[in-house]
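Encoded as structure tokens, the structure appears first; notes follow it.
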Number of protein chains: 2
Amino acid sequence: MSKAATTRLTILQKAFYLIYRKGYQATSIDDIIATTQVTKGAFFYHFKSKEEMGLAMIHEIMYPGMYASMIKPLLDADDPLNEIYEMMKALLLKNPFFEVKYGCPAINLIDEMAPLNEAFRKALMQLIVQWQEAIKNTLLIAQKKGKINKELMPEQIALFVSSGYSGIRNMGKIFGKTCYKTYLNELKKYLLQQ
Amino acid sequence: MSKAATTRLTILQKAFYLIYRKGYQATSIDDIIATTQVTKGAFFYHFKSKEEMGLAMIHEIMYPGMYASMIKPLLDADDPLNEIYEMMKALLLKNPFFEVKYGCPAINLIDEMAPLNEAFRKALMQLIVQWQEAIKNTLLIAQKKGKINKELMPEQIALFVSSGYSGIRNMGKIFGKTCYKTYLNELKKYLLQQ
DNA sequence: GACATTACGTACTAGTTAGTATGTTTTGCA
DNA sequence: TGCAAAACATACTAACTAGTACGTAATGTC
């Protein structure tokens, strides 16, 4: 990777780290460059504005991260309903990047920026749509295998499951990790009822 | 109400209106006073800091609002499971204050401030705990009436339902009102399965 | 109706913000 | 090796931020 590409990536990774903890608006460009070797000149050479950097961060950092931890575990599922549960369990309890008190970077950014910035809203919507599609496809497989009733609506369940994830990330911020476990218990019950 | 008390309430109501739409940190004190007749001197006479005002807003504006729309509908429930569903439906589709793109004020504030400020976190936790207690009690009634299995765990279900609400408020910000209806369909299915 | 307390109003400050102007250095390539 | 373009570095600006200093007006009480 060229030196310039490294600089760009460093900015995006540091921005992601800080925005996850402090929020997008509360993270200043000075914050981002203060803890890296990058200067303001470099920042504005690579991104013409803070917004452009934010959108690049969604596409170049968050999309790949989401694919690895939220979609890949669902592909080629032997036991579809269980794969959904295990994906959620790994996401909530095993992922070393996430910290309970800071929630989920994608959910946080939706909450803060979707109402304020249409470009952010669209980029983040695509992120969630891809996840929901993956869950839906897994459920379609479950239907084919006869693991769930053919009359159930995979898309509706995918929304229920993904929004459930969003919600428990929010609850985790006030209650801590224990509520993750309670949630997972009820999620398992819900999934096995299908 | 005395003139001073009116001033104080005006500040809190305007702050609530703006913070709901822009977030707590992004709403400046200048924003709040610019659209009222209140001056900065009055603001800092009634509140010694922005934080103190924020906490007063939680207690004096958000608590009563939460009680009216999230707890009162659950009291004296004839048909407990249905009351929970109807409360959620009214909250999502009927409440004239809420705007889909801005989500729920309480959930927004948890998302933004719980990780950053312990006093906010505690105040908001109390808010949610009270709601969960109300849901739990309704479920206990449902158990007594034989409407749900006695082996089910009301507290666990209350967490699942309340975090589901939090999550769908987040999804509404990217998908709009249609996802509320899809969510409600699945919630009804979930509740009736109990 | 004097007078103390409450309730403001105005002007300021020190720090922070995104972004810019204007330079210098590094890099790829003929 | 020369040289243009890419990739930075530094110093600035105008607007905004929470909070303060210090003044004035309203209000209740005797």
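Throughout, a chain's letter reflects where its sequence line sits, starting with A, and its residues are numbered from 1. Hydrogens, waters and symmetry mates play no part in the numbers below; they use all other heavy atoms, side chains included. The structure presented is a predicted model; accordingly, all values stated were derived computationally and were not measured.
- The aromatic rings of A/Trp131 and A/Tyr165 stand perpendicular to each other, their planes meeting at an angle above 60°, with 30° marking the opposite boundary.
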Per-nucleotide protein contact along nucleotides 10-30 of chain D, 5' to 3', at a 4.0 Å heavy-atom cut-off (B base, S sugar-phosphate only, - neither), is B------BBBB------S---

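- Less than 6.0 angstrom separates the ring centroid of B/Phe97 from the ring centroid of B/Phe16.
- Per the geometry, CZ belonging to B/Arg8 stands 15 Å off C1' belonging to C/dT6, to the nearest Å.
- Grouping the Ile, Leu, Val, Met, Phe, Trp and Tyr side chains by contacts below 4.5 angstrom, directly or via other members, places B/Ile141 apart from B/Tyr85.
- B/Ser2 comes within contact range of no nucleotide atom at all, as no heavy-atom separation falls under 4.0 Å.
- Environment of NZ in A/Lys145: crowded, with over 12 heavy atoms of neighbouring residues, nucleotides or ligands closer than 6.0 Å.
- In this model, the phosphate group of C/dC8 is not approached by any side-chain N or O of B/Tyr45 to a distance below 4.0 Å at OP1 or OP2.
- With A/Glu99 as the partner, the salt bridge (Lys or Arg N to Asp or Glu O under 4.0 Å) test is satisfied by one option alone out of A/Lys173, A/Arg169, A/Lys177, A/Arg21: A/Arg21.
- Residues from residues 108-123 of chain A placing a heavy atom under 4.0 Å of any atom in DNA chain D do not occur.
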Result block: side-chain N/O donor-acceptor pairs under 3.5 angstrom for residues 64-73 of chain B, not counting sequence neighbours:
| residue | atom | partner | partner atom | Å |
| --- | --- | --- | --- | --- |
| B/Ser69 | OG | B/Gly65 | O | 3.0 |

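- The aromatic ring centroids of A/Phe120 and A/Tyr24 lie less than 6.0 Å from each other.
- You'll find the ring centres of B/Phe98 and B/Tyr102 outside the 6.0 Å limit.
- Within the 4.0 Å cut-off from OP1 or OP2 of C/dA7, not a single side-chain nitrogen or oxygen of B/His46 is found.
- Proximity of B/Thr7 to the phosphate of C/dA7: no side-chain N or O atom is located under 4.0 Å from OP1 or OP2.
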